[in-house]
Amino acid sequence: MAEVKIAKRSEDYSRWYTDVIAAAELADYAPVKGCMVIRPNGYAIWEQMQRALDAMFKETGHQNAYFPMFIPESFLQKEAEHVEGFAPEVAVVTHAGGQKLEEPLIIRPTSETIIWHSYRNWIQSYRDLPLLINQWANVVRWEMRTRLFLRTTEFLWQEGHTAHATFEEAEEETVRMLGVYRRFAEEFMALPVIEGRKTEREKFAGAHHTYSIEAMMGDGKALQAGTSHHLAQNFAKAFDVMFQNQQGTREYVYATSWGLSTRMIGALIMAHGDDNGIVIPPRLATIQVVVVPIARKPEEREKVMEAVGRFTAPFKAAGIGYKIDDREQHSPGWKFNEWERRGIPLRIEVGPKDLEKNQVMLVRRDNREKIPVTQDGLTPAVIAMLDTIQKALFDRALEFREKHSYRVDDYAKFNEMLDAEGGGFLWSHWCESDACEERVKNDTKATIRCIPMSRESETGQCVVCGQPSPGRVIFARAY
RNA sequence: CGGGGCGUAGCGCAGCCUGGCUAGCGCGCUUGCCUUGGGAGCAAGAGGUCGGAGGUUCAAAUCCUCUCGCCCCGACCA
């Protein structure tokens, strides 16, 4: 492996981010602009995310299916707002089989259209509802500016597409899945997020309204980490999907869609990473514990390895993902650095000195603390330590977010905060006018991240124009 | 699409301005010895269409023209 230098996070955040990805061997740039190769270390994180989310989708009654990546161009055009939103970033296939195609095919930027084409055949009666489908897929969006994981031309995600009999049921589903995302972020990624509703300007093209979870990254910028859309009857009308209700009358179906992508890997890096690289929360780590044996002489080595075999024996049954790094060509110091770069949450060092004391050394990735632990009862100690790390990561991220959240009521101060702090969440009053939202964006590059669902009721005056405001919203610069 | 930067060994770079021995250096890689508690050491090796095409010249990594690609900053976005 090549020597890897990671820029200081505090000095060059952007450079630091790409360095961390290279250092942990998460992804490479691909020959095609904006595309990436997700390497085994990166894909392992995605697999853990899939596993956790997929289980939650199943628990909430969803089934997986798969729809094609090629969509007739005409499909996209059936929903006016949708086509307007996506047309500029759609890749189109015009030739295939050595011939020009009669109708060009688009490569899905999202699958609403082709899925609703199918739903038309699947749904006739209220008895067919709700229809709860999810798919794991790749999608392509030709973005102008790309960054590994955060915005790539092709990315992996899951997209849920559900159909319901009433607006209210669809709303319940939209909010339920937003909650699933929040739980996933908090419990698995150790990432505190804020649930909220998007403004008209920021909502999904084709949605009635959109919700998102918003997280704060290590530089104070916001990241939209998952979205859930209430599509109302927009796609049902575009694809003529009607059902007969219990009264025998036909009406259009109500829909939702929700998605979460490999962007979350970027969120993970930026939320928890430090100058030594990525820090993977224990609940998303395939390798949660790496064991580094230390020995000089062959006879020492034999004793150390014997102990390692003994104390790791219960790990598998206890559900601990672990790896023993017994390579002889690298020094312990070299290994410490390598596993830290890869973000393995916990390291166990064991050498002759430890054997004398019947102990091992636990070393936390998140704060590098070294804790001696006796070999007897090591398994529960490791499990407890992994929990501690998981919780510490969440607490630290939450504390950071709180520290960089401000209530701001004065527009001059508002501008000043964004310049001085470079980021952070500004909780300010907004009159709900598009004009004020746009002005903020032009003045500061900050956007309204969301109208928090849990905001306290507090009327006030718009931070921009002074008109009456029904409550505070979150302004921030975003990825 | 505008502004900036860069294409030379797997990775990071020097050489280019001022053309000239066999194109170098660090890391990594291979083999051997020796080592191992925070990126060890020694020795011997392997590895190159200098992004591509054309031109100038006795001679091009180096000068000229064209071209392809990537990265960073902005407008758009999960």
Side-chain angles (χ1 to χ4, degrees), chain A residues 1-7 12-15 17-19 22-23 25 28-36 84-90 109-110 139-159 181 198 201-205 207 210 212-215 222-229 257-267 276 292-298 300-301 304 325-341 347-356 359-361 363 368 370 372 441-442 445 447 449 478-479:
Chain A
M1 174 201 310
E3 182 73 11
V4 182
K5 293 175 290 290
I6 300 176
D12 188 343
Y13 198 82
S14 183
R15 176 70 185 276
Y17 176 77
T18 33
D19 286 352
E25 298 177 354
D28 283 344
Y29 292 103
V32 177
K33 178 179 165 59
C35 292
M36 65 175 167
E84 194 185 326
F86 280 104
E89 56 189 69
V90 162
T110 179
V139 287
V140 168
R141 297 181 187 177
W142 221 263
E143 302 287 354
M144 302 197 176
R145 200 156 155 246
T146 56
R147 294 190 76 191
L148 289 175
F149 292 115
L150 294 178
R151 180 166 298 104
T152 46
T153 300
E154 178 192 17
F155 59 89
L156 306 183
W157 75 346
Q158 58 69 217
E159 45 180 324
Y181 288 157
K198 287 292 190 182
R201 168 180 284 266
E202 297 283 331
K203 74 168 191 184
F204 174 72
T210 290
S212 73
I213 51 172
E214 300 285 331
L223 183 90
Q224 179 173 312
T227 51
S228 188
H229 315 291
S257 70
W258 24 276
L260 185 149
S261 74
T262 37
R263 164 178 260 204
M264 271 308 215
I265 297 173
N276 297 312
V292 180
I294 298 158
R296 283 191 197 75
K297 304 181 228 64
E300 272 180 0
R301 189 175 170 74
V304 168
D325 186 355
D326 58 357
R327 290 175 295 176
E328 294 188 41
Q329 67 268 35
H330 294 300
S331 67
W334 194 95
K335 292 176 184 175
F336 299 165
N337 281 287
E338 178 175 54
W339 294 111
E340 277 174 14
R341 241 174 27 223
R347 179 169 77 237
I348 297 179
E349 303 176 9
V350 55
K353 293 179 205 164
D354 299 304
L355 295 189
E356 284 170 25
Q359 67 171 34
V360 299
M361 198 63 83
V363 188
R368 295 183 132 204
K370 297 197 177 195
K441 188 168 184 183
N442 291 337
K445 294 190 180 73
T447 50
R449 299 322 303 156
Y479 278 101

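Within every chain, numbering begins at 1; the chains are lettered A, B, ... in the order of the sequence lines, protein sequences first and strands thereafter. Hydrogens, waters and symmetry mates are skipped; everything else that's a heavy atom, side chains included, is used. The structure presented is a predicted model; accordingly, all values stated were derived computationally and were not measured.
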Would you please test E202(A) and Q224(A) for side-chain contact (heavy atoms from CB on, under 4.5 Å) and show each step? CA-CA 11 Å; E202(A) 297 283 331; Q224(A) 179 173 312; 5.5 Å; no
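- Residue-level contact check: L150(A) touches the bases, meaning some heavy atom is under 4.0 Å from a base atom.
- Between K441(A) and rC76(B) there is a side-chain N or O to OP1 or OP2 distance below 4.0 Å.
- When all heavy atoms of P372(A) and M361(A) are compared, the closest pair comes out as N-SD, 3.6 Å.
- Between E338(A) atom CD and rG28(B) atom C1' there is a gap of 13 Å when expressed in whole angstrom units.
- rU22(B) and rG38(B) are spaced 43 Å apart, taking the C1' atom of each and rounding to whole Å.
- Within 3.5 Å, no donor on the side chain of R296(A) pairs with an acceptor on the base of rG37(B), nor the reverse.
- Atom OH in Y29(A) sits roughly 14 Å away from atom C1' in rC11(B) (whole-Å rounding).
- Backbone-only engagement by Q224(A) is indicated by non-hydrogen atom pairs under 4.0 Å involving sugar-phosphate atoms exclusively.
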Kindly express the pairing pattern of RNA chain B in dot-bracket notation, using | wherever a base pairs with another strand and counting only Watson-Crick or G-U pairs under 3.5 Å. ((((((((.[[[[.)....(...]]]].(((((.......))))).....[[[[[..)....]]]]])))))))....
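- Taking the C1' atoms as reference points, rA61(B) lies 12 Å from rU49(B), given to the whole Å.
- Among the nucleotides rG38(B), rG37(B), rG39(B), the one closest to the side chain of R347(A) is rG38(B).
- Toward the 5′ end of RNA chain B lies the nearest nucleotide of F336(A), the other residue of the pair F336(A) and A205(A) mapping further downstream.
- For N337(A) and rC27(B), the CG to P distance is 17 Å, given to the nearest whole Å.
- Between rG45(B) and rC25(B), the distance separating the two P atoms is 13 Å to the nearest Å.
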Between Y17(A) and L150(A), is the side-chain contact (heavy atoms from CB on, under 4.5 Å) condition met? List the steps. CA-CA 11 Å; Y17(A) 176 77; L150(A) 294 178; 3.5 Å; yes
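- In this structure, CZ of R301(A) is placed 13 Å from P of rG37(B), rounded to the nearest angstrom.
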Full working for salt bridge (charged side-chain N to carboxylate O under 4.0 Å, His left out) between E300(A) and K353(A): CA-CA 10 Å; E300(A) 272 180 0; K353(A) 293 179 205 164; over 6 Å; no
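- If you check every strand for non-hydrogen atoms under 4.0 Å, T210(A) touches nothing.
- If you take atom C1' in rG24(B) and the same atom in rC50(B), they sit 12 Å apart, rounded to whole Å.
- Taking 3.5 Å as the limit, the base of rG38(B) and the side chain of E340(A) contain a donor-acceptor pair of atoms between them.
- A distance of about 23 Å separates the C1' atoms of rC17(B) and rG12(B), rounded to the whole Å.
- One interatomic measurement links the two molecules: CG of D28(A) to C1' of rC70(B), which rounds to 14 Å at whole-angstrom precision.
- Spacing between atom CG of D354(A) and atom P of rU36(B) amounts to 16 Å, rounded to whole angstrom units.
- A gap of 34 Å separates the P atoms of rU62(B) and rA44(B), to the nearest Å.
- Nucleic acid contact class of R15(A) (heavy atoms, under 4.0 Å, all strands): none.
- Under 3.5 Å, the side chain of K370(A) and the base of rG38(B) form at least one donor-acceptor pair of N or O atoms.
- Separation of atoms OG1 (T447(A)) and CZ (R449(A)) is listed at 4.0 Å; rounding is to 0.5 Å.
- Closest of all the heavy-atom pairs between V304(A) and A295(A) is CG2-CB, 4.3 Å.
- The side chain of M361(A) has rG37(B) as its nearest neighbour among rU36(B), rC72(B), rG37(B).
- Using a 30° and 60° split on the angle between ring planes, W157(A) and F155(A) fall in the perpendicular class, above 60°.
- One can place CH2 of W334(A) at 12 Å from C1' of rC27(B), the figure rounded to the nearest angstrom.
- Within the nucleic acid shown, G259(A) has no heavy atom closer than 4.0 Å to any nucleic acid atom.
- Put simply, the side chain of Q158(A) gets close to the backbone of L260(A): a donor and an acceptor are under 3.5 Å apart.
- Comparing R368(A) and T227(A) along RNA chain B, the residue whose closest nucleotide (by nearest heavy atom) sits nearer the 5' end is R368(A).
- rC27(B) and rG39(B): their C1' atoms are spaced 12 Å apart (whole Å).
- Remark: S331(A) is not in phosphate contact with rG39(B), judged by side-chain N or O atoms under 4.0 Å from OP1 or OP2.
- Comparing the same atom, P, in rU67(B) and in rG3(B) gives a spacing of 16 Å after rounding to whole Å.
- Among the heavy atoms of the strands, none lies under 4.0 Å from P88(A).
- Nucleotide rC76(B) holds its C1' atom 16 Å from the CZ atom of R147(A), rounded to whole Å.
- Across rG38(B), rC72(B), rG37(B), the shortest atom-to-atom separation from the side chain of S14(A) is found for rC72(B).
- Using a 30° and 60° split on the angle between ring planes, F204(A) and H229(A) fall in the parallel class, below 30°.
- Contact check for S212(A) versus T227(A): side-chain heavy atoms found under the 4.5 Å cut-off.
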